[in-house]
Amino acid sequence: MTLELIFPVYNEEAVLNALTERIEQVFKNENVAPLGITGVLVTFLDNSSTDSSVEMIRKYIKVSSFKARVIKLSRNFGHQNSVSAGLHYSKGDHVAVLDADLQDPPEVVLEMYKEMKQGYDIIYGVRKKRKESAAKRFSYWLFYRAYKFMSSIQVPLDAGDFCLMSRRAVDAFNSLGESIRFPRGIRAWIGFNQKGYEYERAARAEGNSKYSFSDLVGLAIDGITAFSIRPLRLTQYLATFYFLCSMLFTGYLVYRFFHPVFLQKDTLVVLAMMSVSNMFVMVILHIHGAYLGRTYLESKQRPIFLVEEITSNEI
Ligand code: UDP
Ligand code: MG
């Protein structure tokens with residue numbers, strides 16, 4: 001049985017040495033052989049880093065004790081798409097997805113592997129504690145709960161991309177053709193025997209987070225729209241509710257036309273109704289826009305990533 005590790009990389013020169021050292025140490029033969037792992041393959045997905053990441057990885061590939069390769073994408077297709085690219089190119093019997101910044105401890109992959117032997121196809125990491133700022137922790141907490149409420153599939157709470165998958169689960173993942181891909185949603189959607197594995201998410205070892213706040217908001221909306229039309233339904237209920245309110249109010253205005261009372265309060269009520277109406281309409285438009293835009297992008301059927309170059313130590 002072979003084990004493949006997939007690392008999306010974007011400008012990670014500060015952490016790469018620590019990462020490769022850790023990989024060498026954790027997956028050395030004496031640790032993996034007792035588990036029945038006969039070969040380890042390390043795959044880096046480089047998003048056209050602008051620092052020396054690719055050169056560093058190429059150097060590592062030459063001296064690595066494992067089969068190793070770097071797939072350099074033609075630009076930064078983003079973390080989520082590079083996870084998809086990695087799974088697409090993966091060859092291992094078991095495939096693990098990890099962040100390159102050592103936030104997902106490589107040791108945990110071996111623990112997950114042991115769990116997997118109990119008859120699972122997917123073991124996904126569930127964060128016990130986050131070593132991040134309170135604001136970020138709160139945003140994630142809120143996102144996962146909102147996601148659970150909105151989504152029509154059961155996406156496990158506090159589970160990120162970190163996971164170990166069997167070959168057949170990876171093949172199932174790759175068989176989904178959508179181009180706006182939310183890996184952890186697809187992973188939940190494909191089913192099979194899945195189990196969470198609690199682990200302590202480390203702080204980023206070196207360098208800075210490559211996600212901005214607006215990236216995270218975009219990711220959250222992608223995640224929700226990709227698997228649920230519940231928000232869209234909600235706008236339909238709201239629209240119906242507001243239509244009924246408007247009908248009643250129009251009746252009231254007609255009545256007032258024949259029984260005019262020039263009270264200033266009436267004017268205030270009209271204005272208030274208008275502004276509340278606008279609020280509803282704006283929310284509805286926003287949600288419709290989110291779906292419409294994504295439908296448009298999806299309809300183009302563009303590739304999710306493009307490969308510029310593959311460097312490997314396999315002949
Ligand atoms: N990453 C990437 N492209 C991006 C952003 C991030 O390949 O546009 C990679 C990054 O190098 C890291 C992983 O995705 O290996 C997670 O990113 P990061 O640690 O910055 O995110 P955070 O942990 O802060 O959410
Ligand atoms: Mg990180």
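Counting starts at 1 for both ligands and their atoms, in listed order. Here the structure is a predicted model, which is why all the values come from computation and not from measurement.
- Among protein heavy atoms, atom 6 (C) of ligand 1 sits closest to Lys210 CB, 3.6 Å.
- Applying salt bridge (charged side-chain N to carboxylate O under 4.0 Å, His left out) to Asp158 and the options Arg201, Lys128, Arg145 leaves one that passes, Arg145.
- Among the atoms of Gln103, an N, O or S atom falls under 2.8 Å from the Mg ion (ligand 2).
- At the top of the distance list for atom 22 (P) of ligand 1, counting protein heavy atoms only, stands Ser209 OG, 3.7 Å.
- Considering Asp93, Val95, Leu41, Leu164 in turn, Leu164 is the only one that fulfils the side-chain contact (heavy atoms from CB on, under 4.5 Å) rule with Leu3.
- Only the side chain of Asn76 comes within 4.0 Å of ligand 1, counting heavy atoms alone; its backbone N, CA, C and O stay farther away.
- With Glu13 as reference, Ser52 is the one residue of Ser49, Ser53, Ser52 to meet the side-chain hydrogen bond (donor to acceptor under 3.5 Å, both in side chains) rule.
- No hydrogens or angles considered: nothing links the side chains of Ser48 and Asn76 as a donor-acceptor pair under 3.5 Å.
- Every atom of ligand 1 with a heavy atom of Asp99 under 4.0 Å away is listed here by number and element: 13 (C), 15 (O), 16 (C), 23 (O).
- Under the 3.5 Å distance criterion, the side-chain polar atoms of Asp99 are left unmatched by any main-chain donor or acceptor of Asp101.
- The shortest contact between atom 7 (O) of ligand 1 and any protein heavy atom is with Asn47 ND2, 2.7 Å.
- Within Asp101, the N, O or S atom lying nearest to the Mg ion (ligand 2) carries the name OD2.
- Between Arg204 and ligand 1, an N or O atom pair is found at a separation short of 3.5 Å.
- Near Glu12, meaning under 4.0 Å from any of its heavy atoms, are these atoms of ligand 1: 10 (C), 11 (O), 12 (C), 15 (O).
- Although no hydrogens or angles enter the test, the distance criterion places a donor-acceptor pair under 3.5 Å between the side chain of Ser166 and the main chain of Ala169.
- Evaluated by nearest non-hydrogen atom to atom 1 (N) of ligand 1, the leading choice among Gln103, Arg201, His79, Gln80 is His79.
- Here the heavy atom of the protein found nearest to atom 25 (O) of ligand 1 is Tyr140 OH, 3.5 Å.
- Across Ile123, Ile122, Asp121, a single residue satisfies side-chain contact (heavy atoms from CB on, under 4.5 Å) together with Gln194, and that is Ile122.
- Residue-level proximity to ligand 1 for Val9 is carried by the backbone, the only part with a heavy atom below 4.0 angstrom.
- Within ligand 1, the atoms closer than 4.0 Å to a non-hydrogen atom of Asp101 are 19 (O), 23 (O), numbered from 1 in the order shown.
- In terms of protein heavy-atom proximity, atom 21 (O) of ligand 1 is closest to Tyr211 CD1, 3.1 Å.
- Looking at ligand 1, you'll find an N or O of Pro8 within less than 3.5 Å of one of its N or O atoms.
- In this structure, the side chain of Arg167 engages the main chain of Gly92 through a donor-acceptor pair within 3.5 Å.
- Arg233 and Tyr237 are not linked by any side-chain donor-acceptor pair at a separation below 3.5 angstrom, with hydrogens and angles left out of the test.
- Taking both residues in full, the closest heavy atoms of Gly218 and Arg294 are given as O-NH2, 4.1 Å, listed atom of the first, atom of the second, then distance.
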